[in-house]
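Presented below is the structure to which this report refers.
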Amino acid sequence: MRENASLEAGFVFPERRVTRAADDQARWLSAAGADPEIWAGIAEPTLWGNDGFRGMKLVRQQPNGYVHVQQVMTVTAHAALGEEIRFRGLTESVEPVRKGRMVTQRFEVVQANGEVAASMTHIGLLPDPAAMTAPDNSRAGSRDSDDLDGLEPIAEQTLTPDRVTTFSREVGNLIHFDPGFAQSLGYRAPLAQGLQTMTWMVGALGPAAPLAVRCRFRRPVFWDDTMRLLGQRGSDGRWCRLVTTNATGRITADLTVN
């Protein structure tokens, strides 16, 4: 598939009608390590992010190699499983960076009454393969140990290639399930989607609304990695910050609740 010239600032995605099926959601949540029962009857909001990536695929904005850097999500109301919503989006900016192009896109979930139930801002890198294959030692030696102060353990899981592929294949980004493609960009193995990690993290928050979170994807998570989930509670006793770490104790994703 060849990239379309529509990957430019100001591009408006064609509006789509989307319905989340219970069986699909249970399959994706289980692949992410989240409990589907927590979201019984509710369309889990993080998964709307993959509808954004499907929108990119539909307009031939080739997502192969896309590396998710940050996700901002605001939820004002939860759509129900089986409810038809209108899904719309806009490319806000495309900026050249050292390793390629940084793309910012905003997507919205609109209910039948016209209210925006949720919005997602994707910030991600579309890499230049030549730049990605060069070693990057800019973060060598960093341990993130100070960032873990005050965090308590919540859960742990080990990913598998099958689970990562289940979560990601419909999105179409080869970086998540094609070992040869991932290695061509300098990675030892395919990467789990940032959204897969974020879905696991948001499961610890449960179906709260309104909700506003920002998740930074700080390091790659490979499709066979072991991850730990840790959290910090605010003065109200609820989680105000969640992080995931890899087997070496380094932070892979950092989510703050606003």
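We number each residue from 1, following the sequence as shown.
For E115 (side chain) and A117 (main-chain N/O), no donor-acceptor pair under 3.5 Å exists by modelled atom type. Judged by distance alone, with hydrogens and angles left aside, the side-chain atoms of R219 form no donor-acceptor pair with the main-chain N or O of T252 at under 3.5 Å. The backbone N or O of L230 lies less than 3.5 Å from no partner atom in the side chain of T244, so there is not a single donor-acceptor pair. Using modelled atom types, no side-chain atom of N173 and backbone atom of H176 make a donor-acceptor pair closer than 3.5 Å.
In summary, R54 and E170 engage in a salt bridge, as defined by a charged side-chain N under 4.0 Å from a carboxylate O.
For I154, the side chain to side chain contact (heavy atoms under 4.5 Å, CB included) criterion is met by L229, W239, L242, not counting sequence neighbours. Checked against side chain to side chain donor-acceptor pair (under 3.5 Å), H122 has the following partners two or more places apart in sequence or in another chain: Q71. Partners of R216 according to the side chain to side chain contact (heavy atoms under 4.5 Å, CB included) rule, which considers only residues two or more places apart in sequence or in another chain, are Q70, R218, D254. Scored by the side chain to side chain contact (heavy atoms under 4.5 Å, CB included) test, R86 finds E15, R17, R88, V110 as partners (sequence neighbours excluded). Taking the side chain to side chain contact (heavy atoms under 4.5 Å, CB included) definition, one finds that S30 meets it with P36, sequence neighbours left out.
Relative orientation of the F107 and F13 rings is tilted, given thresholds of 30° and 60° on the angle between their planes. Ring-plane geometry between F217 and H68 is classed as tilted, the angle between the planes lying from 30 to 60 degrees on a 0 to 90 degree scale.
For the pair R27 and W39, the cation-pi criterion (under 6.0 Å, within 45° of the ring axis) is not fulfilled.
Residue pairs that meet the salt bridge (Lys or Arg N to Asp or Glu O under 4.0 Å) test with at least one member in residues 180-205, sequence neighbours left out, are R188-D224, R188-D225.
More than 12 non-hydrogen atoms from other residues, nucleotides or ligands lie less than 6.0 angstrom from CD of E152. Atom CG of N113 is surrounded by more than 12 heavy atoms from other residues, nucleotides or ligands within 6.0 Å.
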